[in-house]
Amino acid sequence: MKKFSLLFLLLGFLLVMAACSDDASNDAEGEVGGEITVWVHPYTGDAEKEEEMWNTIVKRFQEDHDAEVNIEVIPWANRDQKILTALAANNGPDVFYAIPDQMPQYANEGMLLELDPYLEDFDLSDFVDTALVSTKWQDKTYGLPILQEAYTFFYNKEVIEAIGEDPENLPATWEDFEAWAEKAKEQGFYATTFQGGGSMNGTLYPYLWQAGGEVLTQDDEVLINNEAGVEAFSFINKMYENGWIPEDSITAMEHDAIWNSGKMLAVLGSGISLTNMQSSGEIDFIIGPPLQNKEQVTYGTVGMFVIPSNTDNPATAAEFVKVLTNADNQRTFNEVTQYIPTRESAKDIFEEQPYLAQLASYTQYALPGVIHPKGRDIMPMIQAELQTMMEGKKTPQEAADSAAEAIEGAVGQ
Amino acid sequence: MTLKKNNQNLYKKNNKLPFKERFRKNAIVYLFLFPILIHFAIFQVFPFLFSFVLTFMDWKIIGNHEWVGLKHWMHFFQDKLAWKALWNTFMFSVYYIIPTMALGLILALIINSGVRFAGFFKGIFFLPVVTSFVIIAGLWGWLFRGTESGLINWIIAFFGIDPQLFLADSSQALLVLAGLSIFKVAGSTMIYYFAGLQSIPKELYEAAKIDGASKSKIFWKITFPLLKPIHFYVAIITTIGSFQIFDSAYLLTGGGPNYATTTIVFYLYQQGFTNLNLSYAAVLSYALFFIILIVSLIQRKYIGKDTAIY
């Protein structure tokens, strides 16, 4: 047994050494060619249609480039773990799909290839500005966006009529919305949803941005408890205290049942909500613009393709990302997946779909969240303070201050 | 006592054959054992040791890893949230272990009592165990919805009780989650207890009846003490299970409100896979390992002693 344990120790030691020694190479030179592996996800339920879509996109790439492209569809579940383990084992893809809060975290760890050297003669002006925000960390570009979303209010027309308002004249400001919310409450409806157990992107952040605030800058400056921040905290507190949002909003993960039973005036939704509502057909809805207080802003995620820094074939990978996000391929991709293209010129695919065209017109207001390596870490901290405030144990000012303190602690770590 | 010791020494001496002979005698065992040991070494021993190494490093997924000594361990002792998570986990065990054991035993007594359709009830009681946790959690969340339209709120309204926030209330959320786990797991503890009940010799009950013992006396003097090995086993597995509680918080509360349901494994998951702080997550997992080890040792000392029937 002694011998065995010695063997295990040796084995362990060797593996540690091997894992420690794989340095990331970062070569900006190189010819396009060879073979690359691209990790994508199932963006719809229709695997066949998606396979066709990827074949089309790869064929377009191969018209001008002599390279092999392997598309691998990775299920969404535990995608972070899968990517991390593959990259750690130096066995990962050459291109993979990333979302905004993942990018700076990975980039800051040195896991992503900087794309600027490959984009010198590349025209980015067709891209929607808010979509490019999510691809940059510390003024360096790490990805090119392919899809975008914009969250805005979907109103229940029957409820609008019940409270005696005009569906043609939807709320544009906080003030307008507050007036509607109060009327809805009087008639026994909830004004809107608030998923306090979910991501801050769907709860605090949009209101905070609308108030003209910011959570955390890329230079580590914490702004969540400035005047605008406290205004957003207060607004949420007011919504909860007045019963405009459901009683369980503190930890709720969804309010679908309430919305679907017609007891809610408005719900914050995006393209997926649209698809669901259209397919169920239960609620007669109308889409309103993102609200404005000081600024008209909302949340909308961005999907981008990035390249790990340990790829063997950076030149081909970068070229593929550029081709993949060109206008033609964005049309193909977003026609199938029903997301919104990040290039203005590709938005013409929604000419005959008025709802999607309307949502597409709002992506210019849609920020992709807090772009910071600690963007994910700080969410539970802010969430806890928001919950404490809603439970009535802290004032908005105290909650915002405690959140700021917690963020400073996390950033300073 | 000395006799016993001598016997043991004798036994030890007799067993000590020369290595060669012993090997020849047991070669076939080693042959079968070898693949399992390899598997065990790669998938159990190596990760176990490697995660210990991780605790002394700032582990970057790609690139250079830094040795930071005891930094993460020091941080653990000052990390209020980690201690809160441990406390939550402890409270969860308090809410969960005894009720699960009690409910499992009661259910086992029901199906063992010769009631009609015992097999049917066994199936019903066992159903939550085989149903996916996500489904059960979804149902639980729906029952305990914190609005007036929640089913439990609707029921308690008949008794004049105001609607409760349940998962949205920091003083109730952990209890509701414990309730979910009890509901989910009691079926399997029932099976263990049922097996235990079946193994108690019938003669003991007959003798007790002849002596005129009452039903409750029979239970407390015969059934309950003779189930001791089962109590031990069930206590250990429910304790370990309670310390590893994660999915219900992940699915229903996201650790809230205000960290009230952030358990140690939930916190560990957040640190490791959301914040990519794998080294600190390894520290937390070692803390959890030591706690489970100590608790199991204590349990073994107090309730794990062999129970001789006669």
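The structure displayed is predicted, hence computed values, not measured ones. Chain naming here is simple, since letters A, B, ... match the order of the sequence lines and numbering starts at 1 in each.
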**Student:** With only heavy atoms counted, which part of B:Leu252 is less than 4.5 Å from chain A, the side chain, the backbone, both or neither?
**Tutor:**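 Backbone only.
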**Student:** What part of A:Glu254 gets within 4.5 angstrom of chain B, counting heavy atoms only: side chain, backbone, both, or neither?
**Tutor:**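 For A:Glu254, the contact with chain B is made by backbone and side chain together.
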**Student:** Quick one: what part of B:Leu54 sits under 4.5 Å from any heavy atom of chain A, side chain, backbone, both or neither?
**Tutor:**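 Contact with chain A involves no heavy atom of B:Leu54 at all.
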**Student:** Heavy-atom distances under 4.5 Å only: say whether A:Met390 touches chain B with side chain, backbone, both or neither.
**Tutor:**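 Neither part; nothing is under 4.5 Å.
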**Student:** Between A:Arg79 (side chain only) and A:Tyr97 (backbone N and O only), is there a donor and an acceptor less than 3.5 Å apart?
**Tutor:**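 Checked: pair present.
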**Student:** Can you say whether B:Ser170 sits under 4.5 Å from chain A via the side chain, the backbone, both, or neither, judging by heavy atoms?
**Tutor:**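 Backbone plus side chain of B:Ser170, per the 4.5 Å heavy-atom cut-off to chain A.
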**Student:** So what's closer than 4.5 Å to chain B heavy atoms on A:Ala252: side chain, backbone, both or neither?
**Tutor:**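 Neither part.
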**Student:** Assess whether a salt bridge exists between A:Arg376 and A:Asp80, defined as any Lys/Arg side-chain N lying under 4.0 Å from an Asp/Glu carboxylate O.
**Tutor:**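 A salt bridge is present here (some side-chain N lies under 4.0 Å from a carboxylate O).
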**Student:** Mark yes or no for whether B:Gln270, through its side chain, and B:Asn275, through its backbone, hold a donor-acceptor pair below 3.5 Å.
**Tutor:**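 Between the backbone of B:Asn275 and the side chain of B:Gln270 there is no qualifying donor-acceptor contact (under 3.5 Å).
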**Student:** Flag the one option from B:Ala168, B:Gly150, B:Pro163, B:Gly146 with the top tally of heavy-atom pairs under 4.5 Å to chain A.
**Tutor:**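 Looking at each option in turn, the highest pair count goes to B:Ala168.
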**Student:** What part of A:Lys393 is in contact with chain B, defined as an atom under 4.5 angstrom from a non-hydrogen atom: side chain, backbone, both or neither?
**Tutor:**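 Answer is side chain: those atoms of A:Lys393 sit under 4.5 Å from chain B.
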**Student:** By a 4.5 Å heavy-atom criterion (distance strictly below it), what part of B:Gln271 contacts chain A: side chain, backbone, both, or neither?
**Tutor:**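 For B:Gln271, neither part sits under 4.5 Å from chain A.
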**Student:** Side chain, backbone, both or neither: which part of A:Ile258 has a non-hydrogen atom closer than 4.5 Å to chain B?
**Tutor:**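 For A:Ile258, the contact with chain B is made by the side chain alone.
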**Student:** Does the gap between the ring centers of B:Phe243 and B:Phe289 come in under 6.0 Å?
**Tutor:**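 Centroid separation for B:Phe243 and B:Phe289: 6.0 Å or greater.
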**Student:** Could you tell me how the ring of B:Phe246 sits relative to the ring of B:Tyr269: parallel (under 30°), tilted (30 to 60°) or perpendicular (over 60°)?
**Tutor:**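 B:Phe246 vs B:Tyr269 ring planes: tilted.
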**Student:** Look at atom CD of A:Gln81 and say whether more than 12 heavy atoms of other residues, nucleotides or ligands are closer to it than 6.0 Å.
**Tutor:**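 Correct, the count exceeds 12.
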**Student:** Look only at the side chain of A:Tyr240 and the backbone of A:Glu247, and say whether a donor-acceptor pair between them is shorter than 3.5 Å.
**Tutor:**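 Yes; at least one donor-acceptor contact below 3.5 Å.
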